[in-house]
Protein chains: 2
Amino acid sequence: MNHTSSLSLKEKINRLFFLSTPSLDLLLAEAQLISVPKGSLLLKERQTCRSIYFIERGQLRTYYNKNGKDININFYFENNFATNLKSLIEESPSAFYIEAMEHTRLWKFDKEQLLRLYGQSKEIESFGRRLLEKLLVKQEEHSNIFKLYSPKERYHYIAKHYPHLLQRVSLSQLSSYLGISRETISRIRRSSVTSGEWSVMNARW
Amino acid sequence: MNHTSSLSLKEKINRLFFLSTPSLDLLLAEAQLISVPKGSLLLKERQTCRSIYFIERGQLRTYYNKNGKDININFYFENNFATNLKSLIEESPSAFYIEAMEHTRLWKFDKEQLLRLYGQSKEIESFGRRLLEKLLVKQEEHSNIFKLYSPKERYHYIAKHYPHLLQRVSLSQLSSYLGISRETISRIRRSSVTSGEWSVMNARW
DNA sequence: TCACACCTGAGACAAAAAACACAAAAGAAA
DNA sequence: TTTCTTTTGTGTTTTTTGTCTCAGGTGTGA
């Protein structure tokens, strides 16, 4: 049980971005609560992304389709924002899908509305900037684990820093996300249970 | 020869972000032109990054030091902004270095000044947001080539979409950036010259 | 001109990971 | 429960990539 699950959207956003009450009200007046079943697509390949989603309950994934196979780009859980930023920003056709991995309840913010709000309220534009900042820092970190770490190290990095990923995402789904074959992850997992190799991840960066 | 090299900073920024003249003047009044020799470090590991740099002439790289070896994260050329966003945003110690790869002339914008300007001018905060957007889209793209492509495909992707990287960065420097050993890149290069394998990169995403 | 540093190419070998095939286990649905 | 589907584990083989090594090339500066 997530202890914030009983908080209102207003309280959640406020915890993340410290907006004044009037700005918050302005922002949230535009948000639309929707509920989608497992497997539904919030964005398809070639569509232009027009919204950003805040997950109330459930989980989403973004994935490419490469020669018929799914390549997972990202997983999103409760109290996080999800979207295709490239498509949203550039108003270009999306290269990937956004899918609900389970029954998911989420708040939808439309870009058009947000841009209008940016014009009305400096504080909301500042919120937009800070939201981007957070997404960027996360993105950067994820990008770097591929350069810095071997497959084995990548798995351990995730296990250490994002253990909930291993809890909520199947190994098969994880494999494309980490750029490691399913079988290899299975072997990595076994070897780290049997032998006590837990010192690998001491490197700090 | 870059045809924009004779443009003023004002004209360059304006081309990228379409700011009004008053806002541009406000923004550029704070910029400081500095010149650094090859090998100098604009940011060291453990330092907190306080500036963002716009490259007038020359090139920068960002890199981690992993067990004594350099792992390149990014290369930056003329008319681009460079910084360590994580450190800058979070005011946290940097995990990596920023180094001038050749004698470089650049404009320095301090975070403190920028934040002050954000408060003064909505248009400048909007500029800040749009700058982040551009950086984010780039970052996302780079991150995804690791998940989507094998080493061989990564090299070809760069060769096709960022040929200037191959021109200006040595293969040795490139190797850690692509997460491929120098020798393997050398082999990839050889095999793609001899055999006519140029259809690999037709996949669009 | 001569070191010196740095970069590239190439071969031999080792290590890692992927591919393939199939079995076992775990969940979901009837 | 039983059946059906999905997920995970494991053994073998094949491919890819890394490591180590040396040789040759290039540019720089003393």
Side-chain angles (χ1 to χ4, degrees), chain A residues 37-40 58-59 61 63 66-72 75 99-103 145-159 165-195 197 200-201, chain B residues 37-40 58-59 61 63 66-72 75 99-103 145-159 163 165-195 197 200:
Chain A
K38 174 174 176 173
S40 40
Q59 61 177 318
R61 65 168 180 144
Y63 66 94
K66 189 190 179 185
N67 310 326
K69 268 183 288 188
D70 289 2
I71 310 280
N72 288 318
F75 303 101
E99 187 199 83
M101 298 178 75
E102 52 186 60
H103 193 283
I145 71 170
F146 284 92
K147 272 179 267 202
L148 275 170
Y149 298 136
S150 68
K152 189 182 291 191
E153 289 171 324
R154 283 206 289 281
Y155 176 82
H156 287 309
Y157 181 84
I158 295 296
L165 252 181
L166 303 187
Q167 308 302 320
R168 296 192 62 178
V169 172
S170 81
L171 185 151
S172 319
Q173 295 284 356
L174 199 68
S175 73
S176 61
Y177 178 70
L178 292 180
I180 314 174
S181 80
R182 187 182 60 74
E183 293 90 336
T184 301
I185 295 191
S186 175
R187 287 178 185 121
I188 290 170
R189 171 183 289 180
R190 175 181 44 155
S191 76
S192 52
V193 172
T194 56
S195 76
E197 51 151 300
V200 186
M201 296 309 304
Chain B
K38 175 175 175 172
S40 38
Q59 59 177 320
R61 66 170 178 139
Y63 66 95
K66 188 191 181 187
N67 310 325
K69 268 185 287 185
D70 290 1
I71 310 280
N72 288 319
F75 302 102
E99 186 199 81
M101 298 179 75
E102 52 186 59
H103 193 282
I145 70 170
F146 284 92
K147 269 178 268 200
L148 275 170
Y149 298 136
S150 68
K152 187 181 292 192
E153 290 172 323
R154 284 206 288 281
Y155 176 82
H156 288 309
Y157 181 84
I158 294 295
L165 252 181
L166 302 187
Q167 308 301 320
R168 294 192 63 178
V169 172
S170 80
L171 186 149
S172 318
Q173 294 284 354
L174 197 69
S175 71
S176 61
Y177 177 70
L178 293 180
I180 314 174
S181 79
R182 188 182 59 72
E183 291 89 338
T184 300
I185 297 191
S186 181
R187 288 177 194 127
I188 290 169
R189 174 181 288 181
R190 176 179 36 155
S191 75
S192 51
V193 172
T194 56
S195 77
E197 50 150 299
V200 186

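Note on naming: letters A, B, ... go to the chains in the order of the sequence lines (proteins, then strands), and numbering restarts at 1 for each one. The basis for the numbers below is simple: all heavy atoms, side chains too, and nothing from hydrogens, waters or symmetry mates.
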Study note, to complete from the structure: To the nearest 0.5 Å, atom NZ of B:Lys38 lies from atom CD of B:Glu102 at 8.0 Å

Practice item. In whole angstrom, give the distance that lies between atom CZ of B:Arg189 and atom P of C:dC7. Key: 13 Å

**Study point:** Between P of D:dT6 and CG of A:Asp70, the distance in whole Å
**Key:** 13 Å

Study note, to complete from the structure: Regarding the side chain of A:Ser170, the nearest nucleotide among C:dG9, D:dT10, D:dT7 is D:dT7

Practice item. Specify the separation, in whole Å, of atom CD of B:Gln173 and atom P of C:dC7. Key: 6 Å

Practice item. Report yes if the side chains of A:Tyr177 and A:Leu165 come closer than 4.5 Å at any heavy-atom pair, otherwise no. Key: yes

Point to revise | Protein-to-nucleotide contact annotation, 5' to 3' order, nucleotides 18-27 of chain C [B base; S sugar-phosphate only; - none; under 4.0 Å, heavy atom] | key: SBBB------

Point to revise | From CG (B:Leu178) to OG1 (B:Thr184), nearest 0.5 Å | key: 11.5 Å

Review point. Side chains of A:Arg168 and A:Phe75: closer than 4.5 Å at any heavy-atom pair?
Key: no

Practice item. Just report the end-to-end axis angle for the helix from C:dT1-D:dA30 to C:dA30-D:dT1, five pairs per end, to 10 degrees. Key: 50°

Review point. Rounded to the nearest Å, what distance is computed from the NZ atom of residue A:Lys152 to the P atom of nucleotide C:dA15?
Key: 13 Å

Review point. To the nearest angstrom, how far is B:Leu178 atom CG from D:dT17 atom C1'?
Key: 14 Å

Revision key, fill the gap. In whole angstroms, the gap separating P of D:dT17 from CD of B:Glu153 amounts to 9 Å

**Study point:** 4.5 Å side-chain heavy-atom contact, A:Ile188 and A:His156
**Key:** yes

Review point. Taking OP1 and OP2 of C:dG9, is either one under 4.0 Å from a side-chain nitrogen or oxygen of B:Arg190?
Key: no

Review point. So, the side chain of A:Ser176 versus the backbone of A:Asn72: is there a donor-acceptor pair under 3.5 Å, distance only?
Key: yes

**Study point:** Between P of D:dT6 and NZ of A:Lys38, the distance in whole Å
**Key:** 10 Å

Study note, to complete from the structure: Distance col, row B:Leu148:CG vs B:Arg154:CZ, nearest 0.5 angstrom, shows 10.5 Å

Point to revise | Validation row: A:Val169, A:Gln59 side chains within 4.5 angstrom (heavy atoms) | key: yes

Point to revise | B:Tyr149 side chain reached by A:Lys66 side chain, heavy atoms, under 4.5 Å | key: yes

Check your understanding: C:dA16 phosphate, OP1 or OP2: any side-chain N/O from A:Ser150 under 4.0 angstrom?
Key -> no

Point to revise | Atom-pair distance (CG on B:Leu171; C1' on D:dG18), nearest Å | key: 15 Å

